[in-house]
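Below: the structure, in C-alpha cells.
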Amino acid sequence: MRKKRFTLIELLVVIAIIAILASMLLPSLQQARIAARKTSCTNNMKQIGTALMMYSGDYDFFPPAKSANMGNLNTRGWHWLTMPYLGLDGVYTGGDWAEAARRREKGALRCPEIAPPQTGLLDRISYAMYGFGPMVVYFGFTPAKLERGTAGNSTSIFATKPGAKATKAEPGCAPRTSTIPFIAERALDAGGDAADIAFQDGNQLGYSSTASASLGRIKGDTPKGYSYFDFAYRHKGRKNILWFDGHVADVGVDQLHWTGVKP
C-alpha cells in the first residue's frame with residue numbers, strides 16, 4: 001500500500017494559508033503588546049503616586065520637581081528623592097552622566113514604550129512633575145512652599161502637600177485636584193528630547209493649540225516617537241497622567257488647558 005504524500009501544490013497551499021493566518025494575527029498581537037505596555041506605564045504612575053504619598057508622610061510636603069540644590073548630575077530632583085520609596089537606590093555620587101541617566105529611568109520611573117537611555121538622549125525622561133508655578137500664581141494654590149525661583153513668578157518651582165487646593169479661578173477654568181496634572185508624560189521641546197524633569201504649562205504637555213510646534217508634528221517618524229509631541233502621546237495617540245488627587249487617567253491631544261489643567 002502506497003503512502004499518501006503531499007504534492008508540491010498542496011504544500012504551497014498549506015504554506016499560503018499559514019502565511020495568511022499569521023498576517024491576520026500579527027497586527028492583533030502587536031496591538032496587544034502596545035496595550036500591555038500602556039497598562040505597565042499606568043501601573044508605574046500608580047506606584048509613583050504611592051511613593052509620593054509616602055514621601056509626604058515623612059517630610060510633610062511632596063518633593064519639589066526641582067530642589068533648591070540639584071546636586072551632582074541633578075541627583076536632587078524629584079526622581080531621586082522618590083527612588084527610596086520605589087525600592088531604588090536614590091544615592092549616586094559618581095560622575096558618569098550615562099549611569100545617572102540609566103538610574104533615573106529605571107523600574108517604575110521608566111515607561112516601557114520608550115527605549116532605554118542612549119547616547120544623544122541621556123537627558124531624556126519618561127515622566128515629569130508639575131512645578132506648580134502657574135497654579136500658585138494664577139489660582140492661589142495653597143499650601144505651596146517656594147523651592148526655586150521668585151515668589152509670584154509662574155516659572156518658579158513650588159513644593160506642595162496633600163490637601164493643597166486652588167483658592168481662586170481664572171475665567172473659564174476652575175481647577176480641582178482631579179484636573180491638575182501631577183506627574184505626566186510630557187511633550188518634546190522643539191529640537192529637544194523632553195529633558196526637563198519639571199513642566200509648568202500645557203504647552204510642555206502637548207497643548208498644541210498654543211505650542212510653537214504645529215499639529216503636523218504630532219505624528220513622528222522616528223523610533224519610539226522621538227519626535228515632538230509624539231514622544232508624549234506615545235500610547236496610540238494618548239498619554240498617561242497621575243492627577244493631583246491620586247488617580248491615573250490618560251488624555252489625548254488638546255485635552256489640557258494652557259495652564260496645564262484639564263478644563
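Start at 1 with the first residue, then count along the sequence.
Using a 4.5 Å heavy-atom threshold, the side chains of Pro181 and Phe199 count as touching. With a 4.5 Å cut-off on side-chain heavy atoms, Arg104 and Asn74 do not count as touching. With a 4.5 Å cut-off on side-chain heavy atoms, Tyr59 and Pro63 do not count as touching. Contact check for Phe141 versus Phe244: side-chain heavy atoms found under the 4.5 Å cut-off. For the pair Leu109/Trp80, no side-chain contact is recorded, criterion being any heavy-atom separation below 4.5 Å from C-beta on. A heavy-atom distance below 4.5 Å is not found between the side chains of Ile157 and Ser67. Counting heavy atoms from C-beta outward, Glu170 and Thr259 have side chains that stay 4.5 Å or more apart. The side-chain heavy atoms of Met70 and Arg148, taken from C-beta on, include a pair separated by under 4.5 Å.
Under a 4.0 Å N-O distance rule, the pair Lys239/Asp250 does not qualify as a salt bridge.
A donor-acceptor pair under 3.5 Å is formed between the side chain of Asn72 and the backbone N or O of Gly94. Looking only at distances, a side-chain donor or acceptor of Thr42 sits under 3.5 Å from a matching main-chain atom of Lys38. In this structure a side-chain-to-backbone donor-acceptor pair under 3.5 Å is missing from Arg103 to Leu88. The main-chain N or O of Pro134 is never found under 3.5 Å from a side-chain atom of Ser154 such that the two would form a donor-acceptor pair. Proximity of a side-chain donor or acceptor of Gln47 to a complementary backbone N or O of Ala108 within less than 3.5 Å is not detected. Judged by distance alone, with hydrogens and angles left aside, the side-chain atoms of Thr50 form a donor-acceptor pair with the main-chain N or O of Lys46 at under 3.5 Å. Side-chain atoms of Asn44 come within 3.5 Å of backbone N or O of Arg110 as a donor-acceptor pair. At least one donor-acceptor pair closer than 3.5 Å links the side chain of Thr82 to the backbone N or O of Trp78. Remark: the backbone N or O of Asp96 is not paired with any side-chain donor or acceptor of Glu99 at under 3.5 angstrom. The backbone N or O of Met129 lies less than 3.5 Å from no partner atom in the side chain of Arg186, so there is not a single donor-acceptor pair.
Atom CZ of residue Arg176 and atom NZ of residue Lys262 lie 10.0 Å apart, to the nearest 0.5 angstrom. Interatomic distance, Ile180 CD1 to Lys165 NZ, rounded to the nearest 0.5 Å: 11.5 Å. The line from CE of Met45 to CD1 of Ile241 is 7.0 Å long, rounded to the nearest 0.5 Å. For the atom pair CH2 of Trp243 and OG1 of Thr177, the computed distance is 11.5 Å after rounding to the nearest 0.5 Å. Atoms CG and NE2, on Leu242 and His247 in that order, are 8.5 Å from each other to the nearest 0.5 Å. The structure places CD of Gln204 at 12.0 Å from CG of Leu256, a figure rounded to the nearest 0.5 Å.
Scanning both residues, Thr160 and Ala144, for their nearest heavy atoms gives CG2-CB, 4.3 Å. Minimum heavy-atom separation, Ala159 to Phe62: CB-O, 3.7 Å. Closest approach of Tyr85 to Asp58, counting heavy atoms only: OH-OD2, 2.7 Å. Here the shortest heavy-atom pairing between Asp254 and Tyr233 reads N-OH, 4.1 Å. In terms of heavy-atom proximity, Met53 sits nearest to Ser56 at O-OG, 2.7 Å. Closest heavy-atom contact between Pro162 and Asp60: CD-O, 3.9 Å.
Both Leu146 and Met135 are assigned to one and the same hydrophobic cluster, defined by single-linkage of ILVMFWY side chains at heavy-atom distances under 4.5 Å. Linking ILVMFWY side-chain heavy atoms closer than 4.5 Å, directly or via other members, places Leu86 and Met54 in two distinct hydrophobic clusters. A continuous path of hydrophobic side-chain contacts links Leu205 to Val137 [ILVMFWY only; heavy atoms under 4.5 Å]. Follow the hydrophobic side-chain contacts under 4.5 Å out from Tyr55 and you never reach Met83; the two are in separate clusters. Linking Ile, Leu, Val, Met, Phe, Trp and Tyr residues whenever their side-chain heavy atoms come within less than 4.5 Å places Val261 and Val251 in a single cluster.
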- [ ] Given side-chain contact (heavy atoms from CB on, under 4.5 Å), test Cys173 with Phe139 step by step and report yes or no.
- [x] CA-CA 9 Å; Cys173 186; Phe139 302 110; 4.1 Å; yes

- [ ] Verify salt bridge (charged side-chain N to carboxylate O under 4.0 Å, His left out) between Glu113 and Arg234, making sure each step is shown before the conclusion.
- [x] CA-CA 7 Å; Glu113 191 61 49; Arg234 52 184 172 259; over 6 Å; no

- [ ] Could you go through the side-chain contact (heavy atoms from CB on, under 4.5 Å) check for Asp245 and Thr179 one step at a time?
- [x] CA-CA 8 Å; Asp245 69 347; Thr179 66; over 6 Å; no

- [ ] Test side-chain contact (heavy atoms from CB on, under 4.5 Å) on Asp201 and His257 and set out the steps.
- [x] CA-CA 8 Å; Asp201 56 40; His257 194 270; over 6 Å; no

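Within 6.0 Å of atom CZ in Arg76, 12 or fewer heavy atoms from other residues, nucleotides or ligands are found, so the atom counts as exposed in its surroundings.
Tested against Phe182 for a ring-ring contact (aromatic ring centres under 6.0 Å, His included), the candidates Tyr130, Phe132, Tyr127 yield a single pass: Phe132.
Checked by atom type, the side-chain pair Glu185/His235 shows a donor-acceptor distance below 3.5 Å. With hydrogens and angles left out, the side-chain atoms of Thr155 and Gln200 include no donor and acceptor closer than 3.5 Å.
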